[in-house]
Amino acid sequence: MTAALKPPIGLSPMHDMHVRVGAVMVKQDGWLMPSRYTSSTEEADRARRSAGVCDVSSAGKVIVYAGDMDAVLKTAFGLDAAPGVLSAAWADGALLARMARDEVWALAPAGGAGHLHSRLAGDTHAVDVTSGLAGVAIVGPDAFSVLAALTELDVSSIGFADMTCAQASVAEIGAALVRRGADLPRIDLYFGREYGEHMWTALLDAGAAPMGSEALLLLSTEG
Amino acid sequence: MGFLLSCPNCGERTVYEYRSGGEQTVRPQPGDPAQEWTRYFYLRRNAAGDQREWWYHALGCRRWFIAVRDTVTNQVKRTYWPGEAGA
Amino acid sequence: MAVANPEARLASHPAQAIDRSRLVAFQFEGQPVRAFEGDSIASALYAAGVRIFSRSFKYHRPRGLTCVAGRCPNCLMTVDGVPNVRACVEPARDGAVVSGQNAWPSLERDALSVMDRFGWAMPVGFYYKSLYRPRLLWKAVSPIIRRVAGLGTVNVDSTSGAAYGHRNQHAEVAVVGGGPAGMSAALAASEAGVRVVLVDDQPALGGSLRYDLRAYPDGLGYETAHGLAGAIQSRSNIEVLTGATAFGLYEGNLLGVHQGSRLIKLRAESVVAATGAYEQPLVYDRNDLPGTYLSSGLRRLMHLYRLRPGTAALVATTNDEGYRATLDLLNAGVRVVALADSRPRFPHDLDAAMELQSRGILVLPSHGVVRAEGARNVEGAVVSRLDGGRLTTEEREFDCDLVCVSGGFAPAGALLAQDGAQFAFDPSIGESVPAKLPEGLFAAGSVTGASGLDDVLRQGREAGRSAATGGRGPATSPSPKAPESAAPAPASVAPGSRGFVCLCEDVTSKDVVTAIGEGFTDIQTLKRYSTVTMGPCQGKMCHRALASLCAGETGQPPDVVGATTQRPPLQPVPLGALAGAAHLPIKRTPMDRRHREMGARMIDVGPWQRPHSYGDPRDECLAVRNRVGIIDVSTLGKLDVAGPDAPAFLDRMYTHNFSTLRPGRIRYGMLCTDSGSILDDGTVTRLAEDRYFVTTSTTNVDTVEDWFKWWLAASDSRVRVTNVTSAYAAINVAGPSARQTLAKLTDVDLAPRAFRYMRSAEGDVAGVRCLFLRVGFVGETGWELHFPAQYGEHIWDALLEAGEEFGIAPFGVEAQRVLRLEKKHIIPSQDTDLVSTPLDSDAEWVVRFDKEDFIGRAGLVAARDRGARELLVGFVMRDPVVPSDGNAVTVDGFPVGRVTSARISPTTGQAFGLARVPASLAQDGQEVHVHIDGRDLPAHVRLEPLYDPEGERLRA
């Protein structure tokens, strides 16, 4: 007989860091995530001027392996022209980052991993890594210089072009990076969730200001 | 501040992103004489010059590949996937 | 002192670096100092009347500004708590707090200057000769030496110092040196459309052109400098780093650049070294007195900072620069008492020389300076006639308050040398110049030995263009031969006990000669013995003098004497800058916050932070044995191994069989290297026909992942290995009440017959999907729950709440170690070492020799045939004294084995553990001794686990 318990709620690995600075936490798709720290408009403004960092750990993340990846992307996502290795493409709200010839990271909004999974068929192997990977979005013109403090990868606006991806050492740990914004640069960073506190601290020390999901939404609806 | 190594998947990175797997060896077959196995366990050519060796892109794509490295100058001449022709 | 004395400054000039309309104020030794914007700390102090800028390393001799370019050690000061800052290139900033170093009570009145009288007691090689016997002497003397000798003091308690950080930067072309060659190289590269970074160690671009007032076809020197700097600023693809020292060139064209509190790792496809040349001092008695300047230093003082360096000057030179400096001194209103040129002929074809002649200045060809007069500053100087390069006794004395010296220019080729450039001695200029450059490396300007602005600019343009277009530049641009008369003369070395070769470490020419006489004739060993070139200047001011002394004393030609190796860093770099921001990659589990809230003592386990204990580990052990405990085991390595060939693959990897394991079952597995050594252990759960869930020990998951992938890389097995360690939080619920606790949270049937030991199932716990593994590392009824990491706190809280009525307690790593030891469960790397095999580690049962092949089989067959020499056994001490890991197991006083783990058993109160002993002693009840704190204490071997040897509780 199971006792009556409160429903489970997912916590980001940076949860404690958000709470400690008084972030307003809201439930989103089964996760408790920071919606703002001070004011959404201020946070968005700061990102437009310099760089903001937003916790997107609740995003759905599925690693897809397939021998004939081009065919899989066509049938599962209707992509006629599959992104080349180390490039990314949008398909139906999901960002597909091709990390290798036979490996694609499918990144969806929170709660979207199951949906991604269900599309896959044929000779593929998919692993849902939503729980294992922390994610942050670094947004703003200074996103490049923030990352340049932490990685030897060339993350300048020239060296790391829009809609490309890479896996590299960032703050001494292995991480995946996807650039998904040209006018207002945005680089998403995914890394093992056990390093949440480490990476968040390193990013803030490198000059990024924390930004809640409301500000991120404001910025992304601007286009 | 070490030398550069080009992962066949990710491109050129510093050696600190990788883990070395040592020089390429050939595993004897079950039933081969013990001396063959001993040689395989414990002896390495340790060439002063070009050497084919295993490298693992630990902080990148987490895949193994082969590099031809000059052990004297640390210059990496070529890298390729293990299945590819290494000639 | 106090305020800037406007009288100290010369009238404004377009070349000046200072802006007199903007004032800056800082503190020097408690006194306010006012400076102009653009002043360096040193120029502002100079204007305020300071002449003694440091006290020397050993003898506490007063030292003054000399190079004014951040090369020599004479103006090292402590600025805002940071020691050894080069005050002559450190911009004066509002609010800065500046003080002198290595002096007490002050730079002006340093009580320790008495050291200068004890030079006889400190010969070269002092440490090697004086303090090695008796050994206690060093202990007594070293604190005194450390107090008396040295540089600034690092404030180890300070957290207010600069916050250091790193930056990685990428460019197609990196240009080092912002002089005319470097600037034109940057512009040419930029015009080719590539990203360029220009690094210069001075406060502003321009190099020697900044203070060059000569007229060139395109304008005055400084005008050309300003023009080029302006052109660079307007190029969007050039990034300029000023006040930035490129201290090393590493593999892969990586430049280490130190700029303030930052370390920049600049990676470039091509590097242009336009590093210029260092003007050299002359060696004569008291060549270190304040009031002694390099000619370039004087011109910086006068033209950039508009400071009047004195009233009467003696100029001593080996080359044309002395004449130009003399003209500049005259134009600044300084009287020049004489110009001593070591060259035999008056340079009639030099415009400056002709002008000096017309102005009636006494020029003395074939003359060198032999000594300066004065104690705290220059009061006079004596020159002597040279005969064939040797000093004669024909001396002339002059009254003066400054000596301007120019010993020629040594190309700054260290960066080139670090990247493998080859050098050749060019007798026409008496210097080594780059002769052969590796691919991707280019040189331009005076580092190549070139002189003449046109040549320097042309070289820069060519190098920049070649660097940008991936071309291979000329090995070196041939430098046009200087006219015969302009060729510098070798500098003479005058005798005297205070003629310093090395200003950094107070080494005199006499010391160097003594060292050579003692047999240190090779320049590399001479360097190590005398410490010349090993101080803060790293040879910039002393290498040439050391080499020429070495050549002179040993009779070897300069190209045979060669050069010392100029390793990075070329300029000292604060350790903080090298270390960067303090971000240790620490791994935290999903329940980390809960552990800290509960007051757990956290310890490092590999990269992880884990609770050691929440209180008394003994209580935690008893809670697990008698009630129920939970431990966060999220750190366990977890691998998803899937694919049609997964069963065969695991059979090959492990000593055991896993193709025969039925889905829903778990088996313990051991991984060995091919030679049979234990690599790791863990459990393997078959989730489905083609999918396994593999756990590894906490610190070995990366090793096992790499290992699996390595064996797969060379095969065509259809297996995918994914490291899912981070994805799953894991909790082990163990103890007699574990079942009742869990039953409150799940519908999974946990009854003994329904859920047996070493079985797995999936089901919800408190609303979260979990994988249940019934395993028993701690030896009680228990389940390992694996579930999505984001629910870590949720499940942890739910278990503690559900178990409250049963007296549940969280337990940490320490309790787990004790509990597993009671069960004689081994921990690889703790109880095994690099050569341990399953056969000698109480795990023979996991090796299936009946398999045709598996990784480790051949090695284990050999080990089996050889027979084990030592075995891992349990032992129990007669008295409750716990040995440390590694303590010797002894027989008749001789060490024969070692303890690998030991604790006090909370259940029996005995001290017990695991040990490796000779196979002959591996008998139940065998008496041995364990060496603890100098005594051999009795113990006996026990082959069975101390606790529940039959495993009844585990299976209950």
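Bear in mind the structure is a predicted one, so any value in this text is a computation, not a measurement. Note that these values count all heavy atoms, side chains included, but never hydrogens, waters or copies made by symmetry. The sequence lines fix the lettering, A, B, ..., with proteins before strands; numbering per chain opens at 1.
- Other residues, nucleotides and ligands contribute only 12 or fewer heavy atoms inside 6.0 Å of the CG atom of L575(C).
- Here the CZ-CG distance, from R267(C) to L4(B), works out to 4.0 Å after rounding to the nearest 0.5 Å.
- In this structure, W64(B) and W710(C) approach most closely via the heavy-atom pair NE1-N, 3.1 Å.
- Between E705(C) atom CD and R62(B) atom CZ the span is 4.0 Å, to the nearest 0.5 Å.
- At least one side-chain heavy atom of R27(B) sits under 4.5 Å from a side-chain heavy atom of I855(C).
- Between V15(B) and E251(C) the shortest side-chain heavy-atom distance does not fall below 4.5 Å.
- For P82(B) against A713(C), the heavy-atom pair with the smallest separation is CG-O, 3.5 Å.
- Interface remark: A862(C) contributes no atoms to any contact with chain B (heavy atom separation under 4.5 Å).
- Closest approach of G859(C) to F41(B), counting heavy atoms only: N-CZ, 3.5 Å.
- The 12-atom threshold is exceeded at CG of D865(C), counting heavy atoms of other residues, nucleotides or ligands nearer than 6.0 Å.
- There is no contact between F65(B) and chain C, counting heavy-atom distances below 4.5 Å.
- Counted within 6.0 Å of CZ on R44(B), heavy atoms from surrounding residues, nucleotides or ligands total more than 12; the atom is thus considered enclosed.
- Listed by chain and number, the residues in a side-chain hydrogen bond (donor to acceptor under 3.5 Å, both in side chains) with D706(C) are R19(B), Y56(B) (sequence neighbours excluded).
- Of all residues spanning residues 671-680 of chain C, those with a heavy atom less than 4.5 Å away from chain B's heavy atoms are D674(C), S675(C), arranged by number.
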